[in-house]
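As the structure is a prediction and not an experimental result, all values here were calculated from the model. Within every chain, numbering begins at 1; the chains are lettered A, B, ... in the order of the sequence lines, protein sequences first and strands thereafter.
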Amino acid sequence: MIPVAEDFGRDGRIREDLRLGRICLSRRLAVPVSTFEDIILARQRVKRLMVEMDFCTLARTRVITAVSELTRNIVVHAGSGEMTVFQSAPGSRLPLILCEFTDQGPGIADIFLALRAGYSTSDSMGLGLSGSRKLCKYFHIESTLGKGTRVIIAEWKTS
Amino acid sequence: MSDIAILTIGGTVIVPIQSEPDDASARRMRGRILERIEKTGARALIIDVSAMEIIDSFMSRLLAETARMARVMGAETALVGMKKEVALTLIHLGVRMDGVRTALSLEDGMALVSRGKGGDHDSRR
Ligand SMILES: Nc1ncnc2c1ncn2[C@@H]1O[C@H](COP(=O)(O)OP(=O)(O)OP(=O)(O)O)[C@@H](O)[C@H]1O
Ligand SMILES: [Mg+2]
């Protein structure tokens, strides 16, 4: 677990609330992910929602880049899976978008290793997971070997 | 999606990437660019990314590889018009595009790749 104690500003509190499931979210859309075209589709769907929610271009670019990395990981490493997007209630004091990426692929043996920049089992750059973690305000990953992987990212507006 | 247009003007190959290519079209684009350089003996390659809203690690690697191969074939590459949000995101992501020059506009890009050839360029004439 990553300690958040030193980092208990507003963002730190929101992270803690997300971790404990204390933020009320509604499910907006789901995209099956198994082909390289699905990566583009997933990006477009998240983009449209973030435009609708009036996120700034930089936040949108960061999050959509992470969506691209995480859906590509599903296609490349797990074969198929799904992206589900949630949103805080419209008009909420906290405009927030959350994307969950799940697959029933092989899972990740060592998450700490997989999160290290440059680590890749597929002779690639190994920047997808470490990058997504840096690009989004909230990042969570869990994986069970032989069962699959679940990654969650979230972004909210800083008022 | 439809294939990306590749233009040749003088000794320069210009590629405006209009939309978001998927992985297959991006790979196809790389092949066609290199073919065009080979066929025309172009000394410069300009890839216009100003319409791209995101560049992820896959695309940045593909662009860097294209530039590296173009150099082996004798053409210098400039990446022009990258949105500042895209550039910032690439830095966050930890991507390094070694050997790829960047310029803000097409004109700057043209100047960059022709200057890059420098005296070397003249002596070859
Ligand atoms: N959904 C997944 N299922 C199984 N393994 C995964 C999954 N996502 C990531 N991994 C493992 O974690 C490693 C690191 O992932 P990361 O996205 O950082 O790098 P990469 O996909 O190998 O390369 P890049 O994304 O830079 O092209 C992968 O090489 C793979 O072993
Ligand atoms: Mg990856």
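Looking at B/Ile55, the atoms closer than 4.5 Å to chain A (heavy atoms on both sides) all sit in the backbone: N, CA, C or O. Contact of A/Ile40 with chain B is made through the side chain alone, with heavy-atom distances under 4.5 Å. Both the backbone and the side chain of A/Leu58 come within contact range of chain B, with heavy atoms under 4.5 Å apart.
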Below 3.5 Å only, please: all the donor-acceptor pairs between chain B and chain A, one per line.
| from | atom 1 | to | atom 2 | distance (Å) |
| --- | --- | --- | --- | --- |
| B/Glu20 | OE1 | A/Arg43 | NE | 3.2 |
| B/Glu20 | OE1 | A/Arg43 | NH2 | 2.7 |
| B/Asp23 | OD1 | A/Arg72 | NH2 | 2.6 |
| B/Asp23 | OD2 | A/Arg72 | NE | 2.9 |
| B/Asp23 | OD2 | A/Arg72 | NH2 | 3.1 |
| B/Glu53 | OE1 | A/Lys47 | NZ | 2.7 |
| B/Glu53 | OE2 | A/Lys47 | NZ | 3.3 |
| B/Asp56 | OD2 | A/Ser68 | OG | 2.5 |
| B/Asp56 | OD2 | A/Arg72 | NH1 | 2.7 |
| B/Ser57 | N | A/Glu69 | OE2 | 2.6 |
| B/Ser57 | OG | A/Glu69 | OE1 | 2.8 |
| B/Ser57 | OG | A/Glu69 | OE2 | 2.8 |
| B/Arg61 | NH1 | A/Ser124 | OG | 3.2 |
| B/His92 | O | A/Lys134 | NZ | 3.4 |

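A search for side-chain contact (heavy atoms from CB on, under 4.5 Å) contacts involving B/Ala103 returns B/Val80, B/Asp108, B/Leu112, not counting sequence neighbours.
Note: the hydrophobic cluster containing A/Leu25 does not contain A/Met50 (ILVMFWY, side chain heavy atoms under 4.5 Å, direct or indirect links). Under the 4.5 Å side-chain contact rule for hydrophobic residues, B/Ile91 and A/Val63 do not share a cluster. Clustering ILVMFWY residues whenever any of their side-chain heavy atoms sit less than 4.5 angstrom apart, transitively, puts B/Ile37 in the very cluster that holds B/Leu62. A/Leu49 and A/Val67 fall within the same hydrophobic cluster, defined by Ile, Leu, Val, Met, Phe, Trp and Tyr side-chain heavy atoms under 4.5 Å apart, directly or through other members. Follow the hydrophobic side-chain contacts under 4.5 Å out from B/Ile6 and you reach B/Ile47 in the same cluster.
Counting non-hydrogen atoms of other residues, nucleotides and ligands closer than 6.0 Å to CG of B/Leu104 gives a total of 12 or fewer.
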